[in-house]
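Here's the structure, in structure tokens; my notes come after.
Because only heavy atoms are used, hydrogens play no part in the values below, and waters and symmetry mates are left out as well, while side chains stay in. Order of the sequence lines fixes the chain letters, A, B, ..., with proteins taken first and strands second; residue numbering starts at 1 for each chain.
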There are 2 protein chains.
Amino acid sequence: MSTQQGFERRYQAPEREPIIEVDERLFLKSAARSFYVLEAFARSPRPLSLAEVAKAAKISKSAAQRVVQTLLVLGYLERSPTGTGVVPGRRILDRSFDYLRSNPLIERATPILTELRKTCGERVDLSLFDDVTILYAIRLQSKRETFYATLSGRRMPTFATAGGRAMLAFLDDRHADDIVRRSKLAPLTPKTLVDPVLIRQRIEEARRDGYASVLEESLMGEIVVAAAVVKERNMPVGAIHIAGSLADWSAEDFRKRFAPLAIEAARALSG
Amino acid sequence: MSTQQGFERRYQAPEREPIIEVDERLFLKSAARSFYVLEAFARSPRPLSLAEVAKAAKISKSAAQRVVQTLLVLGYLERSPTGTGVVPGRRILDRSFDYLRSNPLIERATPILTELRKTCGERVDLSLFDDVTILYAIRLQSKRETFYATLSGRRMPTFATAGGRAMLAFLDDRHADDIVRRSKLAPLTPKTLVDPVLIRQRIEEARRDGYASVLEESLMGEIVVAAAVVKERNMPVGAIHIAGSLADWSAEDFRKRFAPLAIEAARALSG
DNA sequence: GCATCGGTATCGATGGTCGATACAACCGTT
DNA sequence: AACGGTTGTATCGACCATCGATACCGATGC
């Protein structure tokens with residue numbers, strides 16, 4: 001259920017690196033409004049009435065009416081089958097298809113992950129680095145998964161995930177600390193580390209070992225090992241996760257067995 | 001409702017059913033422009049320069065500049081890592097996450113498909129009906145899959161897929177024929193049926209058997225059985241596919257073994 | 001050197017969008 | 001049966017956001 005729509009939405013100021021900060025005058029407010037409407041469903045995944053849309057997107061009812069009509073025509077919204085309100089439309093999936101297909105990393109990763117999934121028999125994920133969150137792009141489930149563990153497009157806090165920490169380990173301390181500092185350090189489970197000092201310690205371990213491992217920090221009963229995929233100059237761009245259940249494995253066995261596989265797969269994708 | 005326009009893009013005139021035809025004056029041209037830009041990547045999944053964007057979206061270079069800047073800020077576009085041009089942005093995945101999460105069918109289907117995947121050991125898909133195309137929403141791969149067979153958001157022609165025919169079998173003849181007629185009957189493989197008479201015959205078989213089966217019609221070496229998921233009034237909304245390789249199975253064995261499983265899963269989702 | 005391509009920035013005119021408002025249809029409740 | 005509450009739909013003049021020609025800067029290439 002944790003929608004966690006991650007820490008604070010809304011795009012103001014990429015604020016990372018003061019690169020050029022798009023010119024106000026080139027920003028199309030009316031275009032942005034459409035996306036604000038679509039984003040309303042990140043907070044409430046159910047049919048929204050016109051009034052609710054207007055409120056969520058902070059626009060007038062009239063504006064909402066126009067945006068909704070437009071998005072209905074384009075297929076990015078659909079009338080709710082329940083009769084009232086609108087829901088996200090199928091055409092959105094076309095765009096995510098384009099995204100996945102346009103990203104060379106995804107394409108190269110797919111066969112490697114498939115192979116990895118076969119040898120492991122456990123869930124295998126590819127996540128993408130995105131500042132204070134990571135974004136799951138490919139998810140190959142094993143058996144018995146929760147609904148959200150199957151969805152790509154899910155975001156998780158960088159600081160609390162194996163993949164996130166594996167990626168932070170490739171940043172310099174200043175940058176990594178900055179990300180932790182800007183993260184909302186809310187525990188996802190009773191075991192989530194929220195003390196920046198402890199988190200930093202784990203990051204250093206990851207730096208030393210070449211992989212990160214978290215134990216029940218985002219889901220009770222779950223153990224994950226992950227290794228970062230890096231580009232030139234060792235910039236982390238993604239991570240390969242292998243996730244298993246403590247019902248099947250001891251933490252030590254799991255790490256010993258799967259960490260090398262994650263590292264190898266990540267290395268095959270790097271460079 | 002259904003936004004058809006299968007292969008052919010662009011939304012002019014839903015032209016199907018003269019239902020209310022959204023008021024011209026409520027259609028936000030400037031908002032639509034942003035989506036035209038995003039859709040440019042459906043045709044060419046690679047970085048596009050400003051000029052290319054302008055051309056693809058049929059807007060001026062200035063307009064392209066503004067749209068691109070805006071979408072960059074919002075995260076729906078990203079600068080290409082190769083230095084020049086833009087590519088679809090990660091934020092798109094957030095929206096597809098919202099879509100999947102908002103759709104009750106997807107949520108209900110997930111555990112059923114997971115279970116089905118486990119008992120079958122073959123690839124299992126959930127597709128959604130969308131007029132002349134079907135749209136893959138959930139894909140659980142087995143081993144050795146092609147890249148495109150792993151991507152949700154992929155569209156395939158309704159007439160040539162097992163799921164598509166299973167769904168057509170639940171429409172009345174007029175409607176089914178109409179969909180076939182409006183489809184671009186281009187063969188995907190040497191074995192694709194393109195004769196409307198033969199296609200209709202297969203649809204009738206599906207109606208009789210409660211499932212459809214296609215043999216190498218969309219991918220050589222592949223056999224697929226599928227059963228339709230229907231709503232009230234027996235309207236088809238999706239289909240469950242089970243896909244295997246002819247290297248592992250005879251067509252007959254495959255059908256005998258998996259068709260009942262597809263039917264049962266689809267029935268569990270229907271109603 | 002010149003040509004061509006990439007992205008960026010400027011600015012006044014114009015027309016697309018704004019939003020208050022009214023309307024229609026549906027629900028329960030009293 | 002009129003009510004107050006939804007829902008979605010439709011109208012219209014005023015204004016300001018957007019338009020697009022144009023100029024600019026930097027790389028790259030011959």
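Using a cut-off of 4.0 Å between Lys/Arg side-chain N and Asp/Glu carboxylate O, Asp178(B) and Arg182(B) are scored as salt-bridged.
A side-chain donor-acceptor contact under 3.5 Å links Arg95(B) and Tyr76(B).
Here Arg79(A) reaches the OP1 or OP2 of dT9(D): one of its side-chain N or O atoms lies under 4.0 Å away. At the phosphate of dT7(D), OP1 or OP2 sits under 4.0 Å from a side-chain N or O atom of Ser49(A).
Summarising the geometry, the separation between CG on Leu50(B) and C1' on dT8(C) is reported as 9 Å, rounded to the nearest angstrom. Rounded to an integer number of Å, the gap from Gln69(B) CD to dA9(C) P is 7 Å. For the pair Leu72(B) CG and dG7(C) C1', the interatomic distance rounds to 11 Å; values are reported in whole Å. As a whole-Å value, the separation of Leu26(A) CG from dT18(D) C1' is 11 Å.
At a threshold of 4.0 angstrom between heavy atoms, the contacts of Gly85(B) are confined to the sugar-phosphate backbone, with no base atom among them.
Put simply, the side chain of Thr110(A) never gets that close to the backbone of Phe147(B): no donor and acceptor are under 3.5 Å apart.
Ring geometry for Tyr148(A) against Phe97(B) counts as tilted: the plane angle lies between 30° and 60°, on a 0 to 90° scale.
In DNA chain D, runs of at least 3 stacked Watson-Crick or G-U pairs (N1-N3 plus N6-O4 or O6-N4, or N1-O2 plus O6-N3, all under 3.5 Å) give these stems: C:1-23 with D:8-30, C:25-27 with D:4-6.
Looking at residues two or more places apart in sequence or on another chain, you find no ring-ring contact (aromatic ring centres under 6.0 Å, His included) involving Tyr99(B).
Legend: salt bridge (Lys or Arg N to Asp or Glu O under 4.0 Å) pairs involving residues 227-236 of chain B, not counting sequence neighbours: none detected. Note on residues 159-172 of chain B: pairs passing salt bridge (Lys or Arg N to Asp or Glu O under 4.0 Å), not counting sequence neighbours, are Arg165(B)-Glu217(B). Each side chain to side chain donor-acceptor pair (under 3.5 Å) pair with one or both residues in residues 80-90 of chain B, not counting sequence neighbours, appears once here: Glu78(B)-Arg90(B), Ser80(B)-Thr82(B).
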request  = Any chance you could list the contact pattern along nucleotides 14-23 of chain C? Use B for base contacts, S for sugar-phosphate-only contacts and - for none, protein heavy atoms under 4.0 Å, 5' to 3'.
outcome  = ---SBBB---

